[in-house]
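Report on the structure given below.
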Amino acid sequence: MVSEPALRILGLSGSLRAASFNTALLRTAIAAAPPNLSFEGFDMSQLPYYNTDVDHAGPPPEVIQWRELVRGVDGILIATPEYNHSITGVLKNALDWASRHPRGIAFAGLAGKPVGITGAGGGAGTARAQLHLRQVLAETRSLVMVHPTLMVPLARQKFDESGKLIDETIASQVVDFMVAFAAWVKRIKATA
Ligand SMILES: Cc1cc2nc3c(=O)[nH]c(=O)nc-3n(C[C@H](O)[C@H](O)[C@H](O)COP(=O)(O)O)c2cc1C
């Protein structure tokens, strides 16, 4: 049997919280992913706040590393919390850095990049944050998977204390989402 070449995926949780439901969701999604996806992460909290002056003077090494990572991967999977009906500051800041090139060219590594959006949170399951994230990623010319969507409402009831997903319906949705995401990344890579 000929094995498929691995697709490099950057997995990001928009939460810095140790017991984050979004980080737990990301872990669950990675575990449920088809074997042709290989995952890497990045600690977005080490990035400074975006500042054009700093960028033009010469961005710090963490920013260079972050941009190279974003540019190099075949796709990005994001689990976003909902903060005040939007995404978290740490995620937005990281996307802002990734959306620029050191010489001020906009959209850079995010343009044409396949992205899958998930999220775990309160009653609305991060629906409003996910819509905001789609708006941000439209400006960066990223190719966000349209369907299926994956939202985990009332996350506190869906994960146990160790961060294990205990809801069978959501578990099945995670599998379907990851199969579709793998196909989405593969399709875009084939046309690139
Ligand atoms: C600053 C802040 C704002 C929040 N705003 C919302 C909100 O608008 N809608 C919502 O459903 N939950 C909101 N929450 C609750 C978070 O979605 C919830 O704490 C979630 O578990 C955070 O994700 P995490 O578990 O991955 O850290 C907010 C929490 C914080 C800290």
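With respect to the salt-bridge test (charged N to carboxylate O, under 4.0 angstrom), the residues Asp96 and Lys92 qualify.
Under the 3.5 Å distance criterion, the side-chain polar atoms of Thr28 are matched with a main-chain donor or acceptor of Ala24. In this structure, the side chain of Lys158 does not engage the main chain of Val152 through any donor-acceptor pair within 3.5 Å. Without hydrogens or angle criteria, Arg141 side chain to Glu139 main chain gives a donor-acceptor distance under 3.5 Å. Judged purely by atom type and a 3.5 angstrom limit, Trp97 has no side-chain atom pairing as donor or acceptor with the backbone of Arg67. Looking only at distances, a side-chain donor or acceptor of Trp184 sits under 3.5 Å from a matching main-chain atom of Leu143. Of the possible donor and acceptor atoms, one in the side chain of Thr118 sits under 3.5 Å from a partner among the backbone N and O of Ile78. Although no hydrogens or angles enter the test, the distance criterion places a donor-acceptor pair under 3.5 Å between the side chain of Thr191 and the main chain of Ile188.
Taking each heavy atom of Gly125 and Gln130 in turn, the nearest pair found is O-NE2, 4.1 Å. Considering every non-hydrogen atom in both Ser86 and Ala129, the closest pair reads O-CB, 3.3 Å. Listed here is the closest heavy atom pair of Gly116 and Phe181: N-CE1, 3.3 Å. The heavy-atom pair separating His101 from Ala108 by the smallest distance is N-CB, 3.9 Å. Residues Ala32 and Val174 come closest through the heavy atom pair CB-CG1, 3.9 Å.
Rounded to the nearest 0.5 Å, atoms OG1 (Thr126) and NE2 (His85) are 11.5 Å apart. In this structure, CD in Gln173 is found 14.0 Å from CE in Met178, a value given to the nearest 0.5 Å. Taking CD of Gln135 as the reference point, atom CG of Leu137 lies at 10.5 Å (rounded to 0.5 Å). With rounding to the nearest 0.5 angstrom, the CG atom of Leu165 is 7.0 Å from the CD1 atom of Ile170. The CH2 atom of Trp66 sits 10.0 Å away from the CG atom of Asn93 when rounded to the nearest 0.5 Å.
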Might you work through the side-chain contact (heavy atoms from CB on, under 4.5 Å) test for Thr149 and Arg134, ending with a clear yes or no? CA-CA 12 Å; Thr149 56; Arg134 281 177 188 272; 4.1 Å; yes
Do Val90 and Leu47 pass the side-chain contact (heavy atoms from CB on, under 4.5 Å) test, and can you show the C-alpha distance, the side-chain angles, and the key distance before you say yes or no? CA-CA 9 Å; Val90 70; Leu47 297 171; over 6 Å; no
Step-by-step side chain to side chain donor-acceptor pair (under 3.5 Å) determination, Tyr50 to Asp55: CA-CA 8 Å; Tyr50 184 84; Asp55 205 8; 2.8 Å; yes
Test side chain to side chain donor-acceptor pair (under 3.5 Å) on Ser15 and Ser13 and set out the steps. CA-CA 5 Å; Ser15 174; Ser13 164; 5.0 Å; no
Show your working on side-chain contact (heavy atoms from CB on, under 4.5 Å) between Lys164 and Phe159 and close with a plain yes or no. CA-CA 5 Å; Lys164 182 174 180 292; Phe159 293 89; over 6 Å; no
Determine, step by step, whether Ser45 and Asp43 satisfy the side chain to side chain donor-acceptor pair (under 3.5 Å) criterion, reporting the C-alpha distance in whole Å, the side-chain angles of both residues, the deciding distance to 0.1 Å, and the verdict. CA-CA 5 Å; Ser45 71; Asp43 177 8; 2.6 Å; yes
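Under the 3.5 Å distance criterion, with hydrogens and angles disregarded, no donor-acceptor pair is assigned to the side chains of Ser20 and Asn22. Ser162 and Asp160 share a donor-acceptor pair across their side chains, judged by distance under 3.5 Å alone.
Tested against Asp74 for a side-chain hydrogen bond (donor to acceptor under 3.5 Å, both in side chains), the candidates Lys189, Arg8, Lys186, Lys113 yield a single pass: Lys189.
Inter-residue side-chain proximity for Val70 and Ile76 is flagged as met; some heavy-atom pair is nearer than 4.5 Å. Two residues are said to be in side-chain contact when any heavy atoms from C-beta on lie closer than 4.5 Å; Met44 and Phe42 meet this criterion. The side-chain heavy atoms of Leu95 and Leu133, taken from C-beta on, include a pair separated by under 4.5 Å. Residues Leu150 and Asp176 have side chains not in contact (no heavy-atom distance under 4.5 Å, counting atoms from C-beta outward). Contact check for Leu16 versus Thr88: no side-chain heavy atoms found under the 4.5 Å cut-off. With contacts defined as side-chain heavy-atom distances shorter than 4.5 Å, the pair Glu82/Ile87 does not qualify. Side-chain contact between Leu77 and Leu12 is absent, with no heavy-atom pair separated by less than 4.5 Å. Residues Leu26 and Phe39 are not in side-chain contact: their nearest non-hydrogen atoms beyond the backbone lie 4.5 Å or more apart.
Residue Leu110 is grouped with residue Leu10 when hydrophobic side chains (ILVMFWY) are merged at heavy-atom distances under 4.5 angstrom, including chains of intermediate members. Ile117 and Leu91 fall within a single hydrophobic cluster, where Ile, Leu, Val, Met, Phe, Trp and Tyr are joined by side-chain heavy atoms under 4.5 Å apart, directly or via other members. Hydrophobic cluster membership is shared by Leu7 and Ile30, with clusters built from Ile, Leu, Val, Met, Phe, Trp and Tyr side chains linked at under 4.5 angstrom. Follow the hydrophobic side-chain contacts under 4.5 Å out from Val115 and you reach Leu69 in the same cluster.
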